Amino acid sequence: MNADQAPFPLPLPDAVSAPYWQALSQGRLTFQRCARCGGAWLPPRPECPHCLSADWAWEDAGGRAKLISWVVYHVAYHPAFADRLPYNVAVVELAEGPRLISSIVGIDDAETLRIDQALTLAIGQEHGVAVARFRPD
Ligand SMILES: [Zn+2]
């Protein structure tokens, strides 16, 4: 199967995650914060991962983040990604605390990436869906 035949894997919003995807489409990266313990998290889930409270609210991220870790794929494990090799997948920590899986854009070579590197939110489009990506400062 080649990239022309493989459907691109897109998010499937549910009742909990739909507001996250809606906010991204409007240019805002949001996360959830617990009203009981103050914990903040991504990806969207119905209960606080710290204290299991269901009392939480959405907050907008300011767009500041740092690079925690990354990998560079040189093999396409899904055929829809074959035409973008090599590409990176990164773990990014927002200034507000939540971590998310993302990718770093605006770089010519992943060899330039560094742990704790300062990043800025760069919302991009993936097959018509707004996604949270980051670029080095
Ligand atoms: Zn909590």
Side-chain angles (χ1 to χ4, degrees):
M1 187 182 294
N2 65 37
D4 295 333
Q5 298 168 320
F8 194 88
L10 292 171
L12 299 170
D14 59 19
V16 173
S17 67
Y20 170 86
W21 296 107
Q22 179 70 22
L24 271 178
S25 75
Q26 298 166 347
R28 296 178 296 116
L29 173 60
T30 55
F31 60 90
Q32 291 162 283
R33 185 179 299 281
C34 179
R36 181 194 287 172
C37 76
W41 68 89
L42 280 172
R45 50 177 284 164
E47 301 94 13
C48 172
H50 310 286
C51 75
L52 301 181
S53 171
D55 185 9
W56 51 263
W58 292 103
E59 284 188 21
D60 286 0
R64 308 289 305 140
K66 67 179 180 181
L67 182 58
I68 300 300
S69 186
W70 70 95
V71 294
V72 177
Y73 282 80
H74 295 275
V75 173
Y77 293 100
H78 188 292
F81 293 88
D83 63 355
R84 61 181 72 187
L85 293 174
Y87 65 91
N88 69 78
V89 175
V91 177
V92 169
E93 183 176 289
L94 302 180
E96 295 87 354
R99 290 183 175 185
L100 67 156
I101 307 253
S102 181
S103 60
I104 310 303
V105 297
I107 56 172
D108 293 328
D109 184 351
E111 292 294 321
T112 63
L113 295 174
R114 296 291 176 263
I115 297 289
D116 287 338
Q117 186 168 358
L119 304 170
T120 299
L121 176 66
I123 293 174
Q125 294 287 322
E126 190 65 74
H127 292 75
V129 176
V131 294
R133 292 184 176 135
F134 293 83
R135 70 176 64 253
D137 283 0

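Bear in mind that the values here come from a model prediction, so they are computed numbers and not experimental data. We use all heavy atoms of the structure for the numbers below, so side chains are in, but hydrogens, waters and symmetry mates are not.
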Transitively linked via ILVMFWY side-chain contacts under 4.5 Å: Leu100 with Ile68? yes
Pair Gln32, Val16 - check side chain to side chain contact (heavy atoms under 4.5 Å, CB included), show working. CA-CA 10 Å; Gln32 291 162 283; Val16 173; 4.2 Å; yes
In Å, rounded to the nearest 0.5 Å, how long is the span from [atom1] of [X] to [atom2] of [Y]?
{"X": "Ser69", "Y": "Arg99", "atom1": "OG", "atom2": "CZ", "answer": "9.0 Å"}
{"X": "Glu96", "Y": "Thr30", "atom1": "CD", "atom2": "OG1", "answer": "11.0 Å"}
{"X": "Phe134", "Y": "Leu121", "atom1": "CZ", "atom2": "CG", "answer": "5.0 Å"}

Check: [Y] and [X] side chains under 4.5 Å, non-hydrogen atoms:
{"X": "Trp21", "Y": "Pro44", "answer": "no"}
{"X": "Arg114", "Y": "Leu67", "answer": "no"}
{"X": "Cys34", "Y": "Cys51", "answer": "yes"}
{"X": "Val131", "Y": "Ile123", "answer": "no"}
{"X": "Leu29", "Y": "Tyr20", "answer": "yes"}
{"X": "Glu47", "Y": "Ser53", "answer": "no"}
{"X": "Val89", "Y": "Ile101", "answer": "yes"}
{"X": "Leu94", "Y": "Phe31", "answer": "yes"}

Considering all heavy atoms of both residues, which atom of [X] and which atom of [Y] are nearest to each other, and what is their separation?
{"X": "Pro98", "Y": "Leu42", "result": "CB-N, 3.8 Å"}
{"X": "Leu85", "Y": "Ala76", "result": "CD1-N, 3.7 Å"}
{"X": "Leu12", "Y": "Ser17", "result": "O-OG, 4.4 Å"}
{"X": "Cys48", "Y": "Trp41", "result": "CA-CH2, 3.5 Å"}
{"X": "Trp70", "Y": "Ala110", "result": "NE1-O, 4.1 Å"}
{"X": "Arg135", "Y": "Gly106", "result": "NH1-CA, 3.7 Å"}

Just by modelled atom types, is the [Y] backbone N or O under 3.5 Å from a matching donor or acceptor in the [X] side chain?
{"X": "Arg133", "Y": "Ile104", "result": "no"}
{"X": "Gln22", "Y": "Pro19", "result": "no"}
{"X": "Glu59", "Y": "Arg33", "result": "no"}
{"X": "Trp56", "Y": "Pro46", "result": "yes"}

Does a side-chain N-to-carboxylate-O contact under 4.0 Å join Arg28 and Asp60? yes
May I ask you to decide whether Glu126 forms a salt bridge with Arg84, counting only side-chain N to carboxylate O separations under 4.0 Å? yes
Between Tyr87 and Ser103, is the side chain to side chain contact (heavy atoms under 4.5 Å, CB included) condition met? List the steps. CA-CA 8 Å; Tyr87 65 91; Ser103 60; over 6 Å; no
In chain order, what residues pass the ring pair (Phe, Tyr, Trp, His ring centres under 6.0 Å) check against His127, with sequence neighbours excluded? Phe8
Let me know which of Ile107, Leu113, Asp109 forms a side chain to side chain contact (heavy atoms under 4.5 Å, CB included) with Glu111. Asp109
Kindly say whether the aromatic ring centers of Tyr73 and Phe81 come within a distance under 6.0 Å. no
Please determine whether side chain to side chain contact (heavy atoms under 4.5 Å, CB included) holds for the pair Asp55 and Arg36, giving the CA-CA distance in whole Å, both sets of side-chain angles, and the decisive distance to 0.1 Å. CA-CA 7 Å; Asp55 185 9; Arg36 181 194 287 172; 5.6 Å; no
If you apply the rule side chain to side chain contact (heavy atoms under 4.5 Å, CB included), what do you find for Arg64 with Asp137, and how did you get there? CA-CA 9 Å; Arg64 308 289 305 140; Asp137 283 0; 2.7 Å; yes
